[in-house]
Amino acid sequence: MLQAPPAEPGMREDEVDTPALLIDLDAFEHNLDTMAALLAPTGAKLRAHAKTHKSAVIAKLQMARGAIGQCVQKVAEAEQLAWGGIPDVLVTNQVVSPRKLARLAALAKICKVGLCVDDPAQIALAEQAAEAAGVRLPVLVEIDVGMGRAGIEHGPPAVALAERIAASKHLSFGGLQAYHGSAQHMRTPEQRAAAIAEAAARSRRTVEQLKQRGLDCPIVGGAGTGTFRHEAASGVYTEIQAGSYAFMDVDYAKNEDAPPFRHALFVLAQVMSRATPGVAVVDCGHKGVAVDSGMPGVWQRPGLRYAGASDEHGKILIEDGEAPVLGEKLRLVPGHCDPTVDRYDWYVGVRKGRVECLWPIAARGAMA
Ligand code: PLP
Ligand code: MN
């Protein structure tokens, strides 16, 4: 059930009901502008990953600053973006359920929508769905560029899949999906550079072999917030799929030489107990903020450490400085933005201490 919004435009931030998901609009806009400025000289385009924000509103703002489309992981996310008016959506995943493929093919009537494959059986299923819907779907071949998750071997096996797509009546060969996820949080710039040099080499080799077989490769897509500067500079990647850059989380901020994005996403939490000496308990545990990539930070309160999360309690240790009082509201910086966003129905956009806007997180919970 959609929850009532926790705030109204014009309210002061400290009046917002908790826990609530805040976007600091100045920092967020800075992040969108920074990404656009970093990519402009490289020629690589942004196809931002909507698994981070799950919102057609944010997708539109990214596209107003030059993004050429959006990525999603789930068909249900693609639906929310397509229904929200986004013209170009790529599912950066394999889809093997005929029912989901039928839903995806139906979207092709209202926007451009593509998907990825790494097996001939997926091509046959996509062809059936596209034929039944009377549409033509662009299909990318996902290659393994080093993370050992999805993705067929680069080179000849990938070329064979591309030829099969090109020979399918209701599919077109859309290019290569070449995402290296495990490189994103490698802490040193040298590790990240080496991983993406290998990913770019595998991609380049495959593009050359496609060309030898007479196949044009319109897209080479991949990259996340941790590595995109390398993919963008490679001369091989045409599309950058970063998502977290818009919000920036604690985990990405731990990367050495982290890109110059600001923390723009916060969970506003309230101190609900001060009974234990040295401890402030807030009303946001791991149901309100993701802890899979580490505990949240406490914004601009270096003496406070969020040390433990239970379902609905967050335990903050008062190690130094001013102790928060009962009822005080604190901003938490999520360790990992994507799953944190998925816990909320509304973004509360704030600027200079005031609520400016409320945006629905329409694809929240979109798992199918
Ligand atoms: N592209 C794909 C296919 C992904 O799975 C991800 C994240 O896991 C990303 C891009 C990058 O996202 P982020 O910038 O949030 O790390
Ligand atoms: Mn993530």
Side-chain angles (χ1 to χ4, degrees), residues 28 31-32 34-35 38-39 44-55 58-59 62 67-75 77-78 81 89-95 114-118 140-152 174-187 192 195-196 199 203 219-232 237-255 258-265 289-294 296 333-343 363 366-367:
F28 168 69
N31 292 346
L32 300 196
T34 299
M35 178 58 92
L38 287 171
L39 289 186
K45 303 292 184 213
L46 179 65
R47 179 185 287 280
H49 216 303
K51 79 192 177 81
T52 299
H53 58 69
K54 290 177 163 276
S55 149
I58 291 182
Q62 289 172 321
I68 50 100
Q70 295 280 309
C71 299
V72 295
Q73 300 291 53
K74 300 288 186 167
V75 172
E77 291 174 336
L81 293 190
V89 180
L90 172 67
V91 181
T92 55
N93 247 335
Q94 293 69 34
V95 182
L115 75 160
C116 297
V117 298
D118 60 6
L140 279 69
V141 172
E142 179 162 11
I143 58 172
D144 176 23
V145 290
M147 79 181 296
R149 188 171 69 179
I152 194 167
L176 297 177
Q177 171 69 10
Y179 175 64
H180 195 325
S182 43
Q184 300 310 316
H185 292 91
M186 290 175 176
R187 293 304 183 207
R192 274 176 269 135
I196 301 310
S203 302
I219 295 175
V220 177
T225 300
T227 65
F228 72 92
R229 289 174 291 186
H230 300 296
E231 284 93 339
Y237 282 80
T238 64
E239 292 190 357
I240 298 304
Q241 300 177 344
S244 299
Y245 81 96
F247 294 150
M248 199 62 184
D249 52 36
V250 168
D251 196 20
Y252 264 128
K254 285 182 185 156
N255 277 6
F261 300 118
R262 295 189 197 152
H263 291 299
L265 187 82
V289 65
V291 297
D292 61 301
S293 300
V333 186
H336 190 182
C337 290
D338 309 2
T340 299
V341 167
D342 200 41
R343 288 151 160 78
M367 272 188 296

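Both counts, for ligands and for their atoms, begin at 1 and track the order of listing. The figures that follow rest on heavy atoms only: side chains count, while hydrogens, waters and symmetry mates do not.
The contact set between ligand 1 and T52, taken as ligand atoms under 4.0 Å from a residue heavy atom, comprises 15 (O). Using a 4.0 Å cut-off to heavy atoms of G224, the atoms of ligand 1 that qualify are 11 (C), 14 (O).
Note: no N/O pair closer than 3.5 Å links A223 and ligand 1 by distance alone. An N or O contact shorter than 3.5 Å is missing between Q177 and ligand 1 by distance. Ligand 1 has an N or O atom lying under 3.5 Å from an N or O atom of Q241, backbone or side chain.
Nearest heavy-atom pair, S203 versus L176, reported as atom, atom and distance to 0.1 Å: O-CD1, 4.1 Å. The shortest heavy-atom contact between A150 and D118 is CB-OD2, 3.7 Å. Scanning both residues, A48 and Q62, for their nearest heavy atoms gives CB-OE1, 3.4 Å.
Among protein heavy atoms, atom 14 (O) of ligand 1 sits closest to T225 OG1, 2.6 Å. Of the protein's non-hydrogen atoms, Y252 OH, 2.5 Å is the one closest to atom 16 (O) of ligand 1. Given atom 15 (O) of ligand 1, the protein heavy atom at minimum distance is S244 OG, 2.5 Å. When only non-hydrogen protein atoms are considered, atom 5 (O) of ligand 1 lies nearest to Q73 NE2, 3.1 Å.
At a cut-off of 3.5 Å, with distance as the only test, no side-chain donor of E77 or Q70 sits close to an acceptor on the other residue. Side-chain atoms of Q241 and E231 include no donor-acceptor pair closer than 3.5 Å. In summary, the side chains of H49 and T92 do present a donor paired with an acceptor at a separation below 3.5 Å, with no hydrogens or angles considered.
Note on ligand 1: M248 sits outside its first shell, no heavy atom being nearer than 4.0 Å. Using a non-hydrogen distance threshold of 4.0 Å, F228 does not register as a contact of ligand 1. The shortest heavy-atom distance from Y245 to ligand 1 is not under 4.0 Å.
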Q: Starting from the C-alpha separation in whole Å, work towards a yes-or-no answer on side-chain contact (heavy atoms from CB on, under 4.5 Å) for I152 and I143.
A: CA-CA 5 Å; I152 194 167; I143 58 172; 4.3 Å; yes

Q: Apply side-chain contact (heavy atoms from CB on, under 4.5 Å) to the pair K45 and T238, showing each step before the final yes or no.
A: CA-CA 6 Å; K45 303 292 184 213; T238 64; over 6 Å; no

Q. Would T52 and Y245 satisfy side-chain contact (heavy atoms from CB on, under 4.5 Å), going step by step from the backbone distance to the final call?
A. CA-CA 9 Å; T52 299; Y245 81 96; over 6 Å; no

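Electrostatic pairing of K254 and D249 does not count as a salt bridge here, judged by no charged N lying under 4.0 Å from a carboxylate O.
Here the side chain of R47 pairs no donor or acceptor atom with the backbone of G69 at under 3.5 angstrom.
Around atom 12 (O) of ligand 1, the closest heavy atom drawn from C116, G243, A178, A246 belongs to G243. Residue K51 holds the heavy atom nearest to atom 7 (C) of ligand 1 of all those in H180, K51, H53, H336.
Metal site remark for the Mn ion (ligand 2): C337 contributes no N, O or S atom at a distance under 2.8 Å.
Contact annotation for N93 and ligand 1: no heavy atom of the residue comes within less than 4.0 Å of the ligand.
Closest approach between the Mn ion (ligand 2) and any N/O/S atom of D338 involves OD2.
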